[in-house]
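Chain identifiers are assigned alphabetically (A, B, ...) following the order of the sequence lines, protein sequences preceding nucleic acid strands; residue numbering begins at 1 within each chain. Just so it is clear, the model here is predicted, and its values are computed rather than measured.
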Amino acid sequence: MRKTMTLVTVLALASIMLAACGGAAPAPAGEPVTVKETVIVTVEVTPEGGGGVAETTPVAPPVAGGERLQTVLDRGNVVCGVHGTFQGFGFLDTAGAWTGFDVDFCRAWAAALFNDADAVEFRALSAQDRFTALQSGEVDVLSRNSTWTWTRDAELGLTFGPVTFYDGQAIMARKDIVSEASAGLDALEGANVCVQSGTTTELNLADQFRAAGVNYTPVVFEDQNLAFQAYEEGRCDAITSDRSQLATQGQAVLSNFADHVILDVVMSKEPLAPAVAQGDDKWADVVHWVVYGMIQAEELGITSQNVDEFLTSEDPVVRRLLGVEGELGSKLGLSNDFAYRAIKLVGNYGEVYERNLASYGLARGQNALWTEGGLMYAPPFR
Amino acid sequence: MQIRAFWRDIRFLQVLAQVVFILFLALAAGFLYANVSANLARQGLTVGYGFITNPASFDIGESYIPYQSSDSYGRAIHVGLVNTLVVSALGILLTTIVGSIAGIARLSSNWLISRLAGAYVGVIRNTPLIIQLMFWYFGIILQLPAVKEAVALPGPVYLTQRGIYLPWYEAMPSFDSWRIYVWLALASIVIIWFIFRGIQSRSDLPIPLWWYLAYILVPVLILWVGLLFQPEPPLKVNIPELTGLNFRGGLQLTPEFAALLFGLVVYTGSFIAEIVRAGIQAVSLGQVEAARSLGLTTGQTLQLVIFPQALRVIIPPLTSQYLNLAKNSSLAIAIGYPDLFSIAGTVINQTGAVLEVIVIIMLSYLSMSLFTSLLMNIYNSRVRLVER
């Protein structure tokens, strides 16, 4: 019977903590989500058991119930889900330092929140685990070259942020099989194609080859590096992935990149975007606007080098962005100079791109600013 | 008096302890269930198997049942399950042979053979299986020559980094009328077994070894007689041939399948070798000496004295190794073989139905293991010492 009591107490305590969390959140004025309401009601009945004990209980596990921003601020760092072995995007190098395009956005969020670009705890996630990690609240935000799709947005309960990289699926083959980049998919009739499991790529591959009426055999690996290794060893005639990944990984992993050709065929749209768990608009806003701030900064010509000079600028757009005037930051629950911090400590969008991807010969293309014919566009800061 | 003492009554206390324990289990299960539902509700996720009939829209590299990307998720998982069953069943068969040979070799009086077997067990048993799988896949099979420079072995068997190609049989239209003889041949094996058992039970002496040839000769004779009545050969040997970029015809073992099978067989074989050795050594030397003094030959001693007693020791741990092999096949995901776990992983990722698919995976492995255990337990009850 005592065990029962303990259990009941534990349950009661858990609900109290939920209540505390739910109570602190300013209830949205509109129609509240029914689920959230139910949680709060359940709690209000239980507390008789042990109201006083609540303070002594250990810290509640991070809850994705609407208070992620506060959880992050209390914890003092951002837990960021990244790739880990993808050079140029998310890579843990031999010196133990995290580098990459996606990694720099993690740093930017940390800079905006804590004025410290290193207040990040990186979690290397596999393609298969990444969304579960986000759903279960193990990571605050996922910045791991993930494609924004309908299923992931609607069915997996995620909210995707602004697209940080417009990509498309491509296919790379050995030059002795396909000589011209302009060749079509039918040049790969009967080919073995290496692909990573759990990616949109795996599905597009099936769709595109089926549409083109070309027979092929997929060889599916859980790990992208193993897929590249098997391709390098000659197991497959071709390998498919996002174009950025073929270019960066190809140069990093393959012994002679010149022996391979990336076909011009664009097999899909792959908008890569950071993601957060659905149902926490405040936290999603923070994630979105830090990225927008970096894009806006590039548009205004503000870089990590010259950002201090802009503090004295008379341009109201610049002044609002950098938090010199207005209260854009505090409305998000941040410091007003959040964008300044991110730009100062990490850089604007263009700098992040140059630093991580330029050396792989990835041209800006669609990822140029809208003013330069690309798709990068930040909503106005006002 | 009786009433006052009931809490000291050992029978009552025993029942009470069990009731409390079951109550605790039920509460724990209830808590877990509530926790999961609460979490799912909070994340706005629903649980259900509706997705199972949706089209999978991904392709699978190898399949023993017809499958295409427009088939359902359920079908895809089915393909994975069959792939797992095939590699497990073949693996169990081969590893038993490898393990038994290695186990007996360790006991050989030949220095070289026993040391080689010892080295095999020592090296293989003490390194992680995943490393061995990687070694077989990346280190051996993918290092074989490309298709055009294939290593040709007699048969012809071709070894290439795209797989191993073997001649295989192809059923011709007349196979249907010949099929009855195949069944008769199989039936004859069972009949011979019963006849031999009958003879054995009425005689003290073992059946002469050459009689066992009947197991091969009689079925072959039946099949041959069947052939005489067929207008054309019912089976055709299909020899792999290099056409274009790849071999066509024959049987292809993909590099992933071959690496997984070799890896599992060699790894599990090292454990089985030790089990077989332990089983044989568990038969006391006195038994062997007694057999010798009765005038039994070495072969008869093995057949009639050592093996029947050794099997009693061998079977239970052997069952565990079979189960291990089947479960270890889930490491296939590392080397790209589309087994149940690998395909289920893809399904989870495409549908987000983590809980539902994990339940399918667990139930599949559980039923596979329980079925294997059942068979082995039946066999065990046949060989175990019957005490009177």
Derivation and outcome, side chain to side chain contact (heavy atoms under 4.5 Å, CB included), residues A:Asp237 and B:Arg162: CA-CA 10 Å; A:Asp237 303 301; B:Arg162 290 293 170 82; 2.7 Å; yes

Sort [X] into side chain, backbone, both or neither according to what part of it lies under 4.5 angstrom from a heavy atom of chain A.
X: B:Ala353; answer: neither
X: B:Ser70; answer: both
X: B:Ile141; answer: neither

Answer with side chain, backbone, both or neither: which region of [X] has an atom nearer than 4.5 Å to a non-hydrogen atom of chain B?
X: A:Cys194; answer: neither
X: A:Asn204; answer: neither
X: A:Asp223; answer: neither
X: A:Tyr216; answer: side chain

Where do [X] and [Y] come nearest, in terms of heavy atoms and distance?
X: A:Ala230; Y: B:Leu142; result: CA-CD1, 4.0 Å
X: B:Asp59; Y: A:Ala206; result: OD2-CB, 3.2 Å
X: A:Thr151; Y: B:Gln350; result: CG2-O, 3.6 Å

Heavy-atom side-chain proximity of B:Gln143 to A:Glu233 below 4.5 angstrom: yes

B:Glu256/A:Arg235 under side chain to side chain contact (heavy atoms under 4.5 Å, CB included): CA gap, chis, key distance, verdict: CA-CA 10 Å; B:Glu256 294 77 29; A:Arg235 173 65 182 93; 2.7 Å; yes

CZ-CG distance between A:Arg130 and B:Asn349, expressed to the nearest 0.5 angstrom: 6.0 Å

Contact winner vs chain A - B:Thr254, B:Val347, B:Ile348, B:Ile335, heavy-atom pairs under 4.5 Å: B:Ile335

